[in-house]
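Please read the structure below before turning to the comments.
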Protein chains: 2
Amino acid sequence: MLNQLDHTFQALADPTRRAIIERLARGPASVSDLARPLAMSLPAVLQHLAVLESSRLVVTEKIGRVRTCRIEPAALSLAQGWINARRAEWEERLDRLETYLTTAGDRHEP
Amino acid sequence: MLNQLDHTFQALADPTRRAIIERLARGPASVSDLARPLAMSLPAVLQHLAVLESSRLVVTEKIGRVRTCRIEPAALSLAQGWINARRAEWEERLDRLETYLTTAGDRHEP
């Protein structure tokens, strides 16, 4: 069973989907606004949007004839939290190692 | 062509590979240390390690008969940087919107 982090990282593993997120981080956009700078057909763009929606990174809402897309920040926060926690643990370990090596050095001084 | 971020996010989109990174964030480990808590065969673990190595999240080094694995922080930093930048843009936009709505409110006060 895929969990939320699986979905999020899978969705982010594609340059077109990251380009869409980069655009939406600057504000909501219609599907045609999103498609304009992308060198692909509208159905291809819609397919990428469907992946972003099913991974809950993006929410789309149809008002009249225009489908507007916006970032849903919760999924991005979860991924950010996971990476930040690993970095923090890794750096904490380096600090502990440095402290250990410093005090070990002190102990062995003549 | 897959780029570094594609590889990194793809590698992180799997719970076993994230479990390996979680373990290695606390310090280097041998392949058998990594395999012990995982409910899968050694070849399956090695396959996940190969993905982590080819995405440059993990480096392995064979010393004598023991293969030791450790985190290579650069790829994780790149992914962290990408997500943090999107969050920052998104929050900056919300701040601008709030400022705009506040000053627009001031302008329309009687």
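Chain identifiers are assigned alphabetically (A, B, ...) following the order of the sequence lines, protein sequences preceding nucleic acid strands; residue numbering begins at 1 within each chain. Note that these values count all heavy atoms, side chains included, but never hydrogens, waters or copies made by symmetry.
The shortest side-chain heavy-atom distance between A/N84 and B/N84 falls under the 4.5 Å cut-off. Considering only heavy atoms from C-beta on, B/Q10 stays 4.5 Å or farther from A/F9 through its side chain. Side-chain atoms of B/E89 and A/I71, non-hydrogen and from C-beta on, never get closer than 4.5 Å to each other. Between A/L57 and B/R86 the shortest side-chain heavy-atom distance does not fall below 4.5 Å. With a 4.5 Å cut-off on side-chain heavy atoms, A/I83 and B/L76 count as touching.
Proximity to chain B (any heavy atom under 4.5 Å) is shown, for A/R26, by both the backbone and the side chain. When heavy atoms are compared at a cutoff of 4.5 Å, A/D14 approaches chain B solely by way of its backbone atoms N, CA, C and O. In this structure, chain B has no heavy atom under 4.5 Å from any part of A/R17.
Most heavy-atom pairs under 4.5 Å with chain B, from the set A/L5, A/I21, A/L97, A/L12: that is A/L12. With chain B as the partner, the residue from A/S77, A/A79, A/A85 showing the most heavy-atom pairs under 4.5 Å is A/S77. Between chain B and the options A/A11, A/G27, A/P73, the largest number of non-hydrogen pairs under 4.5 Å is found for A/P73. The greatest number of non-hydrogen atom pairs below 4.5 Å with chain A, out of B/Q80, B/E22, B/R18, is found for B/R18. Contact count versus chain A (heavy atoms, under 4.5 Å) is highest, among B/E91, B/R96, B/R93, B/E92, for B/R93.
Under a hydrophobic clustering in which Ile, Leu, Val, Met, Phe, Trp and Tyr are joined whenever their side-chain heavy atoms come within less than 4.5 Å, directly or via other members, B/M40 and B/L34 fall into the same cluster. Note on A/V66: it does not cluster hydrophobically with A/V45, by side-chain heavy-atom contacts below 4.5 Å among ILVMFWY residues. Residues B/L38 and B/V51 do not share a hydrophobic cluster, defined by chaining ILVMFWY side chains whose heavy atoms lie under 4.5 Å apart. B/V59 is not connected to A/L94 by any chain of hydrophobic side-chain contacts under 4.5 Å among Ile, Leu, Val, Met, Phe, Trp and Tyr, and they are in different clusters.
Shown here for B/A13 and A/D6, the closest heavy-atom pair between the two residues is CB-O, 3.6 Å.
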Legend entry - B/W90 vs A/L24, side chain to side chain contact (heavy atoms under 4.5 Å, CB included): CA-CA, chis, key distance, verdict: CA-CA 8 Å; B/W90 189 82; A/L24 293 178; over 6 Å; no

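Taking a 6.0 Å sphere around CZ of B/R56, one finds it holds 12 or fewer heavy atoms contributed by other residues, nucleotides or ligands.
Qualifying side chain to side chain donor-acceptor pair (under 3.5 Å) partners for B/T8, counting only residues two or more places apart in sequence or in other chains: B/Q4.
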